[in-house]
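Below is one structure, written out as structure tokens; the observations come after it.
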2 protein chains.
Amino acid sequence: MTIPKSPATLVDVAERAGVSLKTASRAVNGEPHVAEATRQKVAKAALDLGFQLNSMASLLKRGIRSNFIGLVTGDLANPFYSSLAKGVERELRSQGLQLVVSSTDESGERERVLVEEMVARQVRALIVVSTHESNDTLRSAQERGIPVVFVDRPALDLTADSVVLDNRAGARLAIEHLIAAGHRRIGFIGDFSRLPTHQQRLDGYLDAIEALPTKSGQDPRELVREDFHDAAGARGAALELLSLSTPPTALFTSNNRVTIGALTAFRGLPVAPALVGFDDFDLSDVLGVTVVSHDPVEMGSRAARIALETLESRQPGGEPVVLPVRLIERGSGEAAPGVDWR
Amino acid sequence: MTIPKSPATLVDVAERAGVSLKTASRAVNGEPHVAEATRQKVAKAALDLGFQLNSMASLLKRGIRSNFIGLVTGDLANPFYSSLAKGVERELRSQGLQLVVSSTDESGERERVLVEEMVARQVRALIVVSTHESNDTLRSAQERGIPVVFVDRPALDLTADSVVLDNRAGARLAIEHLIAAGHRRIGFIGDFSRLPTHQQRLDGYLDAIEALPTKSGQDPRELVREDFHDAAGARGAALELLSLSTPPTALFTSNNRVTIGALTAFRGLPVAPALVGFDDFDLSDVLGVTVVSHDPVEMGSRAARIALETLESRQPGGEPVVLPVRLIERGSGEAAPGVDWR
DNA sequence: AATCCTGCGGACAGCGCTGTCATACTGGCG
DNA sequence: CGCCAGTATGACAGCGCTGTCCGCAGGATT
């Protein structure tokens, strides 16, 4: 019904208040040297006209590119990423910055497009969970002076800050925990093998496995299954491992989706294998699942803080920030071989 | 190391390419009437200088407000909201629009601030899961010509589009299902009582309960517990209900967090009460929890589509879009009174 | 030869705002 | 009383870009 009347400008406000444009600007922006009475007049005029400062014009004039920080993640619907986003947002809030998000669905091509779009939209900084298929566009964003902070997955071939987890230690901890419970055949189900997080977690697994006295000729990777990015795929991998002639008595699942997939595979089994998962998740306590836990919200906050500091002239590209992980025992990781933990 | 050289402007590009500003503009924007050779020259110059069109200036000049759509939700870390965000983002993607998100943490005051900020940042449209504490700022956004679409919770006292679930029918369905399994004392654990979703789900509950032959003097709200917004609170409510002298034999939990809270309360009980939850969640199948399910991603998409249509001159404020819900039987809702379903 | 395209390129204004500089007026102080 | 510091206000340019209008060349048309 309402005609989309073009919004009031500062000129209109100034006119209505009977003051100059500049004075109106000062009043609206809360600058000093404006008489209280004048301030009131301008405020009233602004209210009457439904005036809203056009921040685009304001930022343009001041040579500021924008008030947005871009976050590029895999999939917003994954709780890990959305917690990350929450952490980032919380940090930005205090600075009057806003968060622009988008999901790559782990496609390098989409990552490229999204980063380009964000750069075109003048984001102040980029926080990226990179697919690591290519980083040309990220590099060129950097070259344009846009701070790029890698999160969860470190920067590769690129001097940039990153905030990551202590993946290798976490995985080793998990496997050693299973070994301590008596397990010797421990399966590993992992994400895309190109991802650094995956590789590090696998390294941690191998560290612990290779420390075990082995029958000669044994392949430490015999029970390793990789490149499963969703729960359904991980479920299949778990079923396959469990149907081996000598199946593993325990599994290590390298992220939340994989853990969930494995759990769905256990339904109907007389004895569920012991399990330690990387990433905590809702209901892990109800289910009694032992996990390598960490704080994705904190990870997002840290990344955001680094991005903001870089904006304030901090030198980019220092050592990666490595956040600690810890094992939370809930039962599934403490069950001895052949013992059901449910 | 790199000095944050001030980015190249179109003037620089034009100069370097030896053409006029306007010609460079035409070339960069792919407008017609530019000779192929000229286009090449400009492209090369732009590349050399690392030129990036300043979209703020461009949009300002063209009188376009921005390419952003704002989404204001309760808490990004809640899978329900992040799925919603995913749906919105997916829809925007094809239009070259980007998504700005922020969380209110269910505070009306924060909602106010966020909406104002987004309006100041010139978002093209707003998609809101309103706290419903007040809608003044949303109304004024509307008056400025910014389409506002309510999602999950309908518009109140405001002519605006909304996309909601069939909450009442869903809740009634759930309760009738429990009644069919033999339950007569069914507890209700709900969210903030001010939320329309809550009220509708409670109405659905009461519909079904009141259809039951009652002992006179019986209060249909005897087993209703409200205003629990997180899992911890819901857990307490569940424990309290179960410790009544005549405890309910079944529970209806009105959203995903409440359901999870109730589930954590069941640990250690010899017999878990039957349970139907509103909202599906990860691992509901592993746990065997019967739920009233729906598609939050689709809900986000629909809301985004409506926002985009309104931008394209569709009349705002039609009938609310009501999305269907369906019951998924997984065991917890089919157990007879006194029978453990786990 | 006069006319009209069509393809190409440029000059200029101005989007809405703020930084700079200038002006006018107050009061205090030596 | 003259001068300076401080406060209140305004005129104006210009951020980087694009829409409008205009000019010029060369080929087609009458």
Side-chain angles (χ1 to χ4, degrees), chain A residues 4-43 45-46 49-67 96 119-124 144-145, chain B residues 4-43 45-46 49-67 119-124 144-146:
Chain A
K5 48 177 180 281
S6 77
T9 73
L10 199 48
V11 180
D12 305 330
V13 174
E15 200 169 315
R16 186 173 235 265
V19 299
S20 82
L21 174 57
K22 180 64 206 182
T23 300
S25 167
R26 272 195 276 257
V28 163
N29 288 291
E31 285 173 35
H33 305 307
V34 180
E36 189 48 35
T38 312
R39 205 179 287 281
Q40 301 274 341
K41 271 193 304 184
V42 172
L49 296 172
F51 169 77
Q52 181 67 41
L53 197 64
N54 183 332
S55 71
M56 253 163 23
S58 166
L59 293 175
L60 171 62
K61 180 71 226 297
R62 292 184 298 180
I64 297 171
R65 298 184 85 84
S66 81
N67 274 319
V119 172
R121 301 273 193 288
Q122 318 291 121
V123 294
R124 293 277 285 282
R144 296 212 172 85
Chain B
K5 48 177 180 283
S6 78
T9 73
L10 200 47
V11 180
D12 305 329
V13 174
E15 199 169 315
R16 186 174 236 266
V19 300
S20 83
L21 175 56
K22 179 63 205 183
T23 300
S25 167
R26 273 194 276 257
V28 164
N29 289 292
E31 286 173 34
H33 305 308
V34 180
E36 191 46 37
T38 312
R39 203 179 288 280
Q40 300 273 343
K41 271 192 303 184
V42 173
L49 295 172
F51 169 78
Q52 182 68 43
L53 196 64
N54 184 330
S55 69
M56 252 162 25
S58 166
L59 293 175
L60 173 63
K61 179 72 228 271
R62 291 184 299 182
I64 296 172
R65 299 181 83 84
S66 79
N67 275 318
V119 172
R121 301 274 193 289
Q122 317 293 120
V123 295
R124 293 277 285 282
R144 296 212 173 86
I146 300 177

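A, B, ... follow the sequence lines: proteins, then strands. Residue 1 opens every chain. The structure displayed is predicted, hence computed values, not measured ones.
Atom-to-atom, CD of Q122(B) to P of dC15(C) comes out at 16 Å; the value is rounded to the nearest Å. In this structure, the NZ atom of K41(A) is 11 Å from the C1' atom of dA8(D), given to the nearest Å. In this structure, the CZ atom of R39(A) is 9 Å from the P atom of dA8(D), given to the nearest Å. Distance, L59(B) CG to dC17(C) P: 15 Å, rounded to whole Å. Nucleotide dC17(D) holds its P atom 15 Å from the NZ atom of K61(A), rounded to whole Å. A straight line from CE of M56(A) to C1' of dT18(D) spans 13 Å, rounded to a whole angstrom. We find that CG of L60(A) is positioned 12 Å from P of dG19(C), with the value rounded to whole Å.
Look at S58(A) and you'll find a side-chain N or O under 4.0 angstrom from OP1 or OP2 of dT18(C). Phosphate proximity of dT18(D) to N29(B): present, with a side-chain N or O under 4.0 Å from OP1 or OP2.
Residue S55(B) holds its OG atom at 8.0 Å from CE of M56(A), rounded to the nearest 0.5 Å. For the atom pair CZ of R39(A) and OG1 of T23(A), the computed distance is 11.0 Å after rounding to the nearest 0.5 Å. Considering CG of L53(B) and CZ of R121(A), their distance stands at 10.5 Å, rounded to 0.5 Å. Rounding to the nearest 0.5 Å gives a distance of 7.0 Å between CD of Q122(B) and CD of Q52(A). Summarising the geometry, atom CG belonging to L10(A) is positioned 11.5 Å from atom CD belonging to E15(A); distances are rounded to the nearest 0.5 Å.
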When the side chains of residues 24-37 of chain A are checked against the rest of the protein, which donor-acceptor pairs come out under 3.5 Å, sequence neighbours left out?
{"from": "N29(A)", "atom 1": "ND2", "to": "S25(A)", "atom 2": "O", "distance (Å)": "2.8"}
{"from": "E36(A)", "atom 1": "OE2", "to": "Q40(A)", "atom 2": "NE2", "distance (Å)": "3.0"}

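Near DNA chain C, meaning a heavy atom under 4.0 Å away, the residues from residues 13-27 of chain B are V19(B), S20(B), K22(B), T23(B), R26(B).
Minimum heavy-atom separation, L59(B) to S66(B): CD1-CA, 3.8 Å.
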Between the protein and nucleotides 6-8 of chain C, which nitrogen or oxygen pairs are less than 3.5 angstrom apart?
none

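Side-chain proximity of L10(B) to the nucleotides dT18(D), dG16(D), dG16(C) is greatest for dT18(D).
Within the 3.5 Å criterion, the main-chain N or O of N67(A) finds no donor-acceptor partner in the side chain of R124(A).
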Exercise for the section: Applying side chain to side chain contact (heavy atoms under 4.5 Å, CB included), run through N54(B) and T9(B) and close with a yes or a no. Expected result: CA-CA 8 Å; N54(B) 184 330; T9(B) 73; over 6 Å; no
